[in-house]
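Below is one structure, written out as structure tokens; the observations come after it.
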Number of protein chains: 2
Amino acid sequence: MYVLYPLIMKTKYTSIIDIAKQLNISKSTVSRALTGHPNVHAQTRKAVLDLAQQMDYQRNSLALGLTRHHTNTIGVLVPEFMSTYFPSVILGAQEVFQAAGYQVVICHNNESYDMEVANVKLLLSYRVDGIIASHTKETRNFDHFRLVQRHGIPLVFFNRVSEELNVPNVVVDDYSAALEAVEHLIKTGRRRIAHLAGPDSLINSRLRRQGYLDALKKHKIPIDPGLMLSYDLTIEKVRIYMKHFLELPAPPDALFAINDPTAIAAMEVVKEKGWSIPEDIAIVGFSNDFSAQLVFPRLTTVSQPTLDIGRESARLLLQELQSGAKPDYTNRKAPCVQLKTKLIIRDSSVRKPVVKKKGKK
Amino acid sequence: MYVLYPLIMKTKYTSIIDIAKQLNISKSTVSRALTGHPNVHAQTRKAVLDLAQQMDYQRNSLALGLTRHHTNTIGVLVPEFMSTYFPSVILGAQEVFQAAGYQVVICHNNESYDMEVANVKLLLSYRVDGIIASHTKETRNFDHFRLVQRHGIPLVFFNRVSEELNVPNVVVDDYSAALEAVEHLIKTGRRRIAHLAGPDSLINSRLRRQGYLDALKKHKIPIDPGLMLSYDLTIEKVRIYMKHFLELPAPPDALFAINDPTAIAAMEVVKEKGWSIPEDIAIVGFSNDFSAQLVFPRLTTVSQPTLDIGRESARLLLQELQSGAKPDYTNRKAPCVQLKTKLIIRDSSVRKPVVKKKGKK
DNA sequence: CTGTTAGCGCCTTCAG
DNA sequence: CTGAAGGCGCTAACAG
């Protein structure tokens, strides 16, 4: 494919040469003045800075990256941002990166593997100094991430991490959190607990499922394979599977959902059928999305420290960046940070003890 | 400030020179083979392509941008993404940009003006080919956007547009939408309608407020200035102001909120006070965020075609890009696209006629 | 079809 | 304190 690009060279950016000419000095001096090098006469520096300002000088990162081999920029790779999870993580990460003097560039792939690969290459070609990422639900081949490592640029995974890649990562204890959530259901009297699991390509999906299974085992509740379904995280599938559950001869009396959007979509189906939550069926989600406290009844869920996940990912990356160590981890185990979750019990799993009602005014 | 960067040049990227040497040909030939130039012997091309693959060759966009003067990259600037509005717009925009062969880079500033300025300069220094943006609520000085125009790079505003800048933009008819929403409240019998408006720095905030005022005027409802408050879009303020409203000697019987998060926070306050929605007070929001259909009662709101807003913004930018016209709009009015909104009436403003109840099973 | 040369904008020696 | 020269990786124009 040979693409002809239209020449969009309109108003020329001013370069250091332009301002060097104006001032009748060499471009080296201009460069030094601009970058804050100590060996420049104060007067010269001022002249340069003033003229630069006046001429709208905008340093060319492309050229800079070309010589410097690094750009002071970090790439962030996320699969989606329709839930509040990733936006919030990004917020936390950005906070730390900015404080460290790094700019952040975000790439979003809408759960598309091809897009993810393209974005990784884009970031690589931008010569970002590091990348933090959560892969798509489609990602089974991690070669593009290996490429990142081979280029020696630090990489940190969060949330959706990879087992086959030795990459620093920050996660929560999905297994224990799921176990605790399901135990909560068991302790509140539920016995036929269904689980809507995510795709096997996601490690936290597998871990949460294992937590679910082990909770049942621990409490000697027989496992009914018919009550456990893996799906692709699309809302349509939730509806189909949930309807299926409810129409079972022996329907579940509780649902543990892989995440909050799933739980919420499931609640919708339950309500449409005219069942009551939590009386007829209890629902528990995962992540404590913003919407979890909004739905009616309010959703019991596992809260994740999203801001901290972002912050920790950033710190981990910064650490790699500063250590200057070879980031291929051939000789060492990549560091892994595990953050705490918290089960938030709301109305979707436990009946409210008392309903207070005040009159108007 | 003179910062010393650690030399992070680890595994060297392979360049066309490396592969030229290996193959004992010139780098021009390699370049031609790689870019798909027709004048290359098929055999040579294959050799180059194979070796490139084998050596993890990753074309250096920096160098490319340096020579080509454009980067095939678009910058997207958003103030926040805690509501579903901006994520959804980005989704739509990305769809169009990708189809046109552009990569998208997102910058997020968390409503900080300084951050916005920094991000604009970053994008400029990256030499992006175009920018679509929604400014922060703090932005009153648009010099950084003027800078973009002066550099001749196309710019499109969406949602939060600027009056003092002649920039193509895509918006909805905030005024009429607000008017319709408030008329809905009036027609369903409300008379003391409060309004929580956004800051004056946001044009759509001003337009929605005007729609509110004109709806009252049109229906000869006296305007009570005490029922209208502008605030900074933080949840804490919503709570304070809403409490204030409810404690008024003559409290409002309806609220028109600048956006859905505001409406939802207000509902929370109402519920805490023990009042019923919509019986005691009706609530109407704006934008039809994902959460609008989740809250209880479900929120009446004005739906915005967020995906289309993104798509249209992208199309507008592409158009500017292709026209190659000087994007300073000194001689012409910048194009403006206005998209349709739709009032979605839900339970927060109108009592449900019948409550159907089915038994279990 | 292929090699040579020049230059994009910047920084970094190396000499003054 | 400042200038000259070289090079980062790539493409484009000009010769073959």
Side-chain angles (χ1 to χ4, degrees), chain A residues 2-10 12-48 52 55-72 121 124-127 151, chain B residues 2-5 7-10 12-48 52 55-72 124-127 151:
Chain A
Y2 192 62
V3 186
L4 271 181
Y5 299 98
L7 193 57
I8 327 190
M9 165 96 169
K10 296 150 213 174
K12 199 173 162 304
Y13 281 86
T14 85
S15 77
I16 53 169
I17 299 191
D18 298 331
I19 96 157
K21 275 182 192 154
Q22 287 272 331
L23 258 37
N24 252 316
I25 54 177
S26 78
K27 59 175 182 168
S28 327
T29 306
V30 175
S31 168
R32 279 189 280 254
L34 254 19
T35 48
H37 190 99
N39 285 352
V40 183
H41 195 84
Q43 211 168 320
T44 317
R45 160 165 299 135
K46 185 170 175 351
V48 169
M55 293 179 77
D56 287 334
Y57 172 76
Q58 211 58 47
R59 160 234 220 128
N60 187 333
S61 296
L62 304 179
L64 202 164
L66 204 54
T67 38
R68 280 245 243 243
H69 288 283
H70 71 273
T71 52
N72 243 209
K121 293 194 172 165
L124 237 35
S125 77
Y126 270 5
R127 301 295 191 262
H151 279 311
Chain B
Y2 191 61
V3 186
L4 271 181
Y5 299 100
L7 193 56
I8 327 192
M9 166 97 170
K10 297 144 208 175
K12 199 171 161 311
Y13 283 85
T14 85
S15 76
I16 53 170
I17 299 191
D18 299 331
I19 94 158
K21 275 183 192 154
Q22 287 271 331
L23 259 36
N24 251 317
I25 55 177
S26 79
K27 59 176 185 167
S28 325
T29 305
V30 176
S31 168
R32 279 188 281 255
L34 254 18
T35 48
H37 190 99
N39 285 353
V40 183
H41 194 86
Q43 209 168 319
T44 318
R45 161 165 298 136
K46 187 174 177 342
V48 170
M55 293 177 77
D56 286 335
Y57 172 75
Q58 210 59 46
R59 165 222 239 157
N60 187 331
S61 300
L62 302 181
L64 204 165
L66 203 55
T67 38
R68 281 246 239 250
H69 288 284
H70 71 274
T71 52
N72 245 216
L124 239 33
S125 80
Y126 273 1
R127 300 297 191 261
H151 280 308

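What you see below is based on every heavy atom in this structure, not just the backbone, and it leaves out hydrogens, waters and symmetry mates. The shown structure was predicted, so the numbers you read here are calculated from the model rather than taken from an experiment. To find a chain, count down the sequence lines: A is the first, B the second, and so on, and within it residues start at 1.
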Quick one: closest heavy-atom pair of [X] and [Y], and the distance?
X: A:Q58; Y: B:L124; result: CG-CB, 3.7 Å
X: A:Y57; Y: A:T14; result: CD1-O, 3.3 Å
X: A:Y13; Y: A:D18; result: O-OD2, 3.9 Å
X: B:A20; Y: B:S26; result: CB-C, 3.9 Å

Rounded to whole angstrom units, what separation is found between the [atom1] atom of [X] and the [atom2] atom of [N]?
X: A:L124; N: D:dG9; atom1: CG; atom2: P; value: 14 Å
X: A:L62; N: C:dC11; atom1: CG; atom2: P; value: 13 Å
X: B:D18; N: D:dG7; atom1: CG; atom2: P; value: 15 Å
X: B:N39; N: D:dT11; atom1: CG; atom2: C1'; value: 15 Å
X: B:R59; N: D:dC10; atom1: CZ; atom2: C1'; value: 9 Å
X: A:Q58; N: C:dC10; atom1: CD; atom2: P; value: 10 Å
X: B:I16; N: D:dC10; atom1: CD1; atom2: P; value: 5 Å
X: A:L34; N: C:dC10; atom1: CG; atom2: C1'; value: 10 Å

Closest approach to the side chain of B:A63, judged atom by atom: which nucleotide of C:dC11, D:dT2, D:dC10 is it?
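Nearest to the side-chain atoms of B:A63, counting from C-beta on, is D:dC10.
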
Side chain of B:T67: nearest nucleotide among D:dC1, C:dG9, D:dG9?
D:dG9

Between the first and last five pairs of the helix from C:dC1-D:dG16 to C:dG16-D:dC1, the angle of the axes, rounded to 10 degrees:
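About 40° separates the two local helix axes.
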
Assess the residue pair A:V48 and A:L23 against the criterion (side chain to side chain contact (heavy atoms under 4.5 Å, CB included)); give the C-alpha distance rounded to whole Å, side-chain angles, the decisive distance to 0.1 Å, and a yes or no.
CA-CA 8 Å; A:V48 169; A:L23 258 37; 3.8 Å; yes

For A:L64 and for B:R45, locate the closest nucleotide of DNA chain C by heavy-atom distance; then report the residue assigned to the nucleotide nearer the 5' terminus.
B:R45

Looking only at side-chain N and O atoms, does [X] come under 4.0 Å of OP1 or OP2 in [N]?
X: B:Y126; N: C:dG9; answer: no
X: A:Y57; N: C:dC10; answer: yes
X: B:R68; N: D:dA12; answer: yes
X: A:S31; N: C:dC11; answer: yes

Would you say B:R32 and B:S28 make side-chain contact, with heavy atoms under 4.5 Å?
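Sidechains of B:S28 and B:R32: in contact.
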
Is there side-chain contact between A:R127 and A:L66, with heavy atoms separated by less than 4.5 Å?
no

Distances under 3.5 Å between protein N/O atoms and the N/O atoms of nucleotides 3-5 of chain C, please, pair by pair.
{"unit_1": "C:dG3", "atom_1": "OP2", "unit_2": "B:S26", "atom_2": "N", "d": "3.0"}
{"unit_1": "C:dG3", "atom_1": "OP2", "unit_2": "B:S26", "atom_2": "OG", "d": "3.2"}
{"unit_1": "C:dG3", "atom_1": "OP2", "unit_2": "B:T29", "atom_2": "OG1", "d": "2.6"}
{"unit_1": "C:dG3", "atom_1": "N7", "unit_2": "B:R32", "atom_2": "NH2", "d": "2.8"}
{"unit_1": "C:dG3", "atom_1": "O6", "unit_2": "B:R32", "atom_2": "NH1", "d": "3.2"}
{"unit_1": "C:dG3", "atom_1": "O6", "unit_2": "B:R32", "atom_2": "NH2", "d": "3.4"}
{"unit_1": "C:dT4", "atom_1": "O4", "unit_2": "B:S28", "atom_2": "OG", "d": "2.7"}

Does A:L64 form a side chain to side chain contact (heavy atoms under 4.5 Å, CB included) with A:N72? I'd like the steps, not just the answer.
CA-CA 10 Å; A:L64 202 164; A:N72 243 209; over 6 Å; no

Side-chain donor-acceptor pairs of residues 38-47 of chain A under 3.5 Å, sequence neighbours excluded:
{"unit_1": "A:R45", "atom_1": "NH2", "unit_2": "A:H37", "atom_2": "O", "d": "2.3"}
{"unit_1": "A:K46", "atom_1": "NZ", "unit_2": "A:D50", "atom_2": "OD2", "d": "2.5"}

Short side-chain to backbone donor-acceptor contact, B:T71 and B:G65, under 3.5 Å:
no

Would you indicate what A:N60 reaches in the nucleic acid, counting non-hydrogen atoms under 4.0 angstrom: base, sugar-phosphate, or nothing?
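A:N60: backbone/sugar contact only, no base atoms under 4.0 Å.
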
Need one value for B:S15: base, sugar-phosphate or nothing, where a base atom within 4.0 Å counts as base even if backbone is also close, heavy atoms only.
sugar-phosphate

